[in-house]
Amino acid sequence: MRAALVGIDFGAGDFDASVEELSLLAQSAGAVPITTITAKRSSPDAAYFVGSGKADEIGQAVLADNIEIVIFNHALSPAQQRNLEKRINVRVLDRTSLILDIFAQRAKSHEGKLQVELAQLQHLATRLIRGWTHLERQKGGIGLRGPGETQLETDRRLIGERVKALRARLVKLRKQHETQRRARGRTQTFSVSLVGYTNAGKSTLFNALTKAGVYVADQLFATLDTTSRRLYLGQEVGNVVMSDTVGFVRELPHQLVAAFRATLEETIHADLLLHVVDGASPVRMEQIEQVNLVLKEIGADHIPQILVWNKIDAAGLEPAIERDEYDKISRVFISARSGEGLDLLREAIVEAAKAAPGLTHLFDGQDHAHEAEEAELEQEEVKEAPPDSISTNAGPR
């Protein structure tokens with residue numbers, strides 16, 4: 001699907017990186033970016049977000065390049081989206097809808113699909129405003145009386161009922177997760193979660209450490225469902241539980257953060273966070289800041305964290321360990337793809353596990369089968385590559 005990308009610079013310092021990320025998001029969704037249209041404004045236009053003149057320029061590009069969809073690097077109001085679609089005569093997608101579409105393509109587990117559908121419905125509910133104005137007036141006279149309930153009201157009611165049902169099912173899944181975490185607590189298993197910006201190499205590192213075989217691709221949000229595996233780190237520590245989580249991104253839609261709280265709670269309850277960073281990215285510091293903002297939003301900013309500086313082969317760095325002023329490991333330099341520095345990362349995890357307060361490791365190396373039975377983990381793997389087409393349906397899947 002041929003796409004035109006639109007980005008408006010409101011004075012933020014990372015504008016170029018944000019537009020480049022939009023292109024990666026569009027490609028991850030299956031679109032083919034043909035042209036990028038940018039502009040500078042002090043504030044969004046109320047009717048078209050970009051102003052009528054820029055909207056006409058976008059319309060001209062649509063005709064000239066045979067564009068099928070226009071993707072904005074911003075969140076649009078329902079009115080702005082409708083006005084733009086009427087003016088340029090093609091489908092308009094904002095950043096939130098694009099990310100929701102990618103998540104809908106990537107979700108493979110039952111829980112992941114439920115969470116994506118909930119986020120989509122919550123987003124769709126805001127798009128129903130004045131969507132059926134031709135049915136809202138109750139006309140009088142014989143044969144002219146309107147229905148008892150307008151289509152808009154019907155849609156709102158049905159969406160509300162579905163949202164309520166999805167939330168109830170997710171609450172049940174959350175209780176199951178809590179039961180599993182209590183089981184791991186009884187076996188005193190150290191828990192590690194991989195977090196980081198999307199496409200930083202979390203799944204590649206997860207596979208390198210655990211041999212899990214999770215789907216890996218050079219695209220944003222290649223992995224969506226949380227996968228947990230055991231990693232044996234020697235007699236001193238025994239098994240630790242390692243979880244690969246969904247990647248974060250700047251301006252992650254709040255609907256997704258709320259809907260994926262059950263998945264992200266695997267991060268909240270971890271004993272250690274391995275914050276994977278793309279060491280070769282020129283905007284890595286901004287990405288670190290964005291990840292820390294999301295961690296704070298979900299209540300995981302208090303958990304001990306080690307920065308894992310990945311892709312050192314591309315950045316021209318050497319494997320190493322850095323310590324802070326308290327002699328605690330703060331950063332480990334590795335390459336998940338080549339395997340450089342993985343031994344140092346294992347040492348860092350062992351050191352963190354041994355220093356963790358309140359954890360006693362009683363592994364005698366003899367009864368791992370019983371331990372595995374008690375600490376059974378929900379394991380959801382991505383079993384197939386995501387589809388290559390972008391959906392043009394804004395409604396729930």
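The structure displayed is predicted, hence computed values, not measured ones.
In this view, D56 and R87 satisfy the side-chain hydrogen bond (donor to acceptor under 3.5 Å, both in side chains) rule, not counting sequence neighbours. Partners of Q60 by side chain to side chain contact (heavy atoms under 4.5 Å, CB included), not counting sequence neighbours: none found. Contacts of F15 classified as ring-ring contact (aromatic ring centres under 6.0 Å, His included), with partners at least two apart in sequence or in another chain: none. Residues forming a side chain to side chain contact (heavy atoms under 4.5 Å, CB included) with R346 (at least two apart in sequence, or on another chain): L209, L233, L342. Under the rule for a side-chain hydrogen bond (donor to acceptor under 3.5 Å, both in side chains), the partners of Q305 that lie at least two apart in sequence or sit in another chain are H275. R162 is linked by a side-chain hydrogen bond (donor to acceptor under 3.5 Å, both in side chains) to E117, counting only residues two or more places apart in sequence or in another chain. Considering only residues two or more places apart in sequence or on other chains, I303 meets the side chain to side chain contact (heavy atoms under 4.5 Å, CB included) condition with L273, A300. Evaluation of the side-chain hydrogen bond (donor to acceptor under 3.5 Å, both in side chains) rule for Q80 yields S77 as partners, not counting sequence neighbours.
A side-chain donor from one of S97 and D94 sits under 3.5 Å from a side-chain acceptor of the other.
The ring-ring contact (aromatic ring centres under 6.0 Å, His included) pairs that include a residue from residues 32-67 are F10-F49, F49-H74, where partners are two or more places apart or lie in different chains. The list of side chain to side chain donor-acceptor pair (under 3.5 Å) pairs with a residue in residues 276-287, not counting sequence neighbours, reads D278-K311. Applying the side chain to side chain donor-acceptor pair (under 3.5 Å) test to residues at least two apart or on different chains, none of the pairs has a partner in residues 31-42. For the ring-ring contact (aromatic ring centres under 6.0 Å, His included) condition, no pair includes a residue of residues 79-101, sequence neighbours left out.
Around CD of Q290, the count of heavy atoms belonging to other residues, nucleotides or ligands within 6.0 Å exceeds 12.
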